[in-house]
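What follows is a short report on a single structure.
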Amino acid sequence: MAANSRGHHYVTASYLEGFLAAGDRHLHCYGRHASKCFRSLPVNLARIRDYHSYINPDGSLDDRLEARIARDIESAGIAAIRKLASGNVNLSYPQRLAIAKMIALQSVRVPFERTFVDSFSVNSLRRYVEQMDEDSIKLGRPVNAIDIAVTPQDDPRLIKEWTRCTREDILAELRAIEKDPGKPSRDVFFDLAEDISRILVRMDWVVYFASQEGSFITSDHPVVRTSTDGKILGRGIRDVRSEVHFPLSGTACLQLSNRNTLAEELRKRRRKQKGRRDSAGALRIDPREASDDFIRRTNRAQADHAHRWIFSGHEHGWLVEWMKESTRSPKRASETVCRESRIRAPLEPAQTTRITGFLIEIE
């Protein structure tokens, strides 16, 4: 994509090119609730105008985030994905990490996830204002600040510090979001992806390769989290029952799991060893032949998980009927806990109260 292009992809075009049939330049596209498929070039798919751009105070656009994604994630990530999809499972640790970062970012940058984060952020800010209003009435004096503690779990014992937000700051942020509704998710999805990638890179990797008769499909929400029984769910990626499926191309699909990873981590702690696990050979990638049943289950999970679109290098008649059903994606984006605990005793009753907020987490 040209640096000054305003059509930003939420699924990388060069990734979608990996699903093209041999000698073909167009993908088959199946829409949610559509009566038929259509064909299109990958560069024209899965993109939204100014999707990654911030709106500056003067109304101009800042597209540095789009450039950062291309530079820091897509450049190395696509090269490593193509190497792995070609059958070369001997990746270096940087190449493995590049794929993990690519998958992590892809999981949080899609419209389905970003819409959730944007809505959650606005609702949280509004709740903080409402809480200050309620406390003002209870105390009979103005409450114009709130202390927020972020914890990894719903356990007040884990609170180590508080962040104070004033009413003025919260209202200013709400005004900024009103002018630029996509701002909250842009602010967090890159850092969130960085955290997720650190977990993905240590998981067990298996690549399934399809025969000439079979092919994998992908979607506008291609990172599918399932349990070991194949059901889509919203468990954390550290859960021993969780699996992550990500189609690498039309002929290869990556499966990540925690079956051996957690046991290895326990052994590692007992031995008190240090250093990267890949140096000991623990981060190998297992290549396997994809059975017809595996391809069928993986493709159906993609179709269930897709938000609006399925993309394929081959025509699949069953997808027209299958996509008439609503998406079966988890209603929450990632593992997000958005609860407030009981109100704590105010440090300064005339001005502040305490509340515990649990923001986006990946546990």
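Note: hydrogens, waters and symmetry copies are ignored here, and every other heavy atom, side chains too, is used. Since the structure is predicted, the reported quantities are computational estimates derived from the model, not experimental observations.
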List for me each residue that meets side-chain contact (heavy atoms from CB on, under 4.5 Å) alongside [X], sequence neighbours excluded, and say none if there are none.
X: A76; result: A98
X: P287; result: V89, F209
X: A193; result: A104, L105, V108
X: R49; result: R6

Item to complete: Could you please spell out the steps behind the salt bridge (charged side-chain N to carboxylate O under 4.0 Å, His left out) verdict for E130 and R127?
Response: CA-CA 5 Å; E130 292 171 357; R127 281 199 301 271; over 6 Å; no
Same apolar cluster (I L V M F W Y, side chains within < 4.5 Å links), L84/F294:
no
Do Q302 and S219 pair up side chain to side chain, a donor and an acceptor below 3.5 Å, judged on atom types alone? yes
Among side-chain atoms of N88 and S86, is any donor-acceptor pair under 3.5 angstrom? no
For R308, does the CZ atom sit with more than 12 other heavy atoms under 6.0 Å from it, leaving out its own atoms? no
Starting from [X], walk the hydrophobic network (Ile, Leu, Val, Met, Phe, Trp, Tyr; side-chain heavy atoms closer than 4.5 Å) and list everyone else you reach, by chain and number.
X: L61; answer: I55
X: L41; answer: V43
X: Y30; answer: I217, I310, W318, L319, V320, W322, M323

So salt bridge (Lys or Arg N to Asp or Glu O under 4.0 Å) across residues 77-91, not counting sequence neighbours, yields E17-R82
Applied to residues 30-43, the salt bridge (Lys or Arg N to Asp or Glu O under 4.0 Å) test, sequence neighbours excluded, yields D24-R39
Centroid separation H307 to H221 less than 6.0 Å
no
Separation between CZ (R186) and CG (L65), nearest 0.5 Å, reads 8.0 Å
Hits for side chain to side chain donor-acceptor pair (under 3.5 Å) against D118, two or more places apart or cross-chain, chain-then-number order -> S185
Y10 meets the side chain to side chain donor-acceptor pair (under 3.5 Å) criterion, sequence neighbours left out, with none
Would F38 and W309 count as a ring pair (Phe, Tyr, Trp, His ring centres under 6.0 Å) here? Give the steps. CA-CA 11 Å; F38 66 92; W309 300 106; 5.6 Å; yes
Check your understanding: Quick one: is the NZ or CZ of R114 closer than 6.0 Å to the six-membered ring centre of Y51, and within 45° of its axis?
Key -> yes
Only residue of Y208, Y15, F216 satisfying ring-ring contact (aromatic ring centres under 6.0 Å, His included) with F246 is Y15
For H26, the ring pair (Phe, Tyr, Trp, His ring centres under 6.0 Å) test, sequence neighbours excluded, returns none
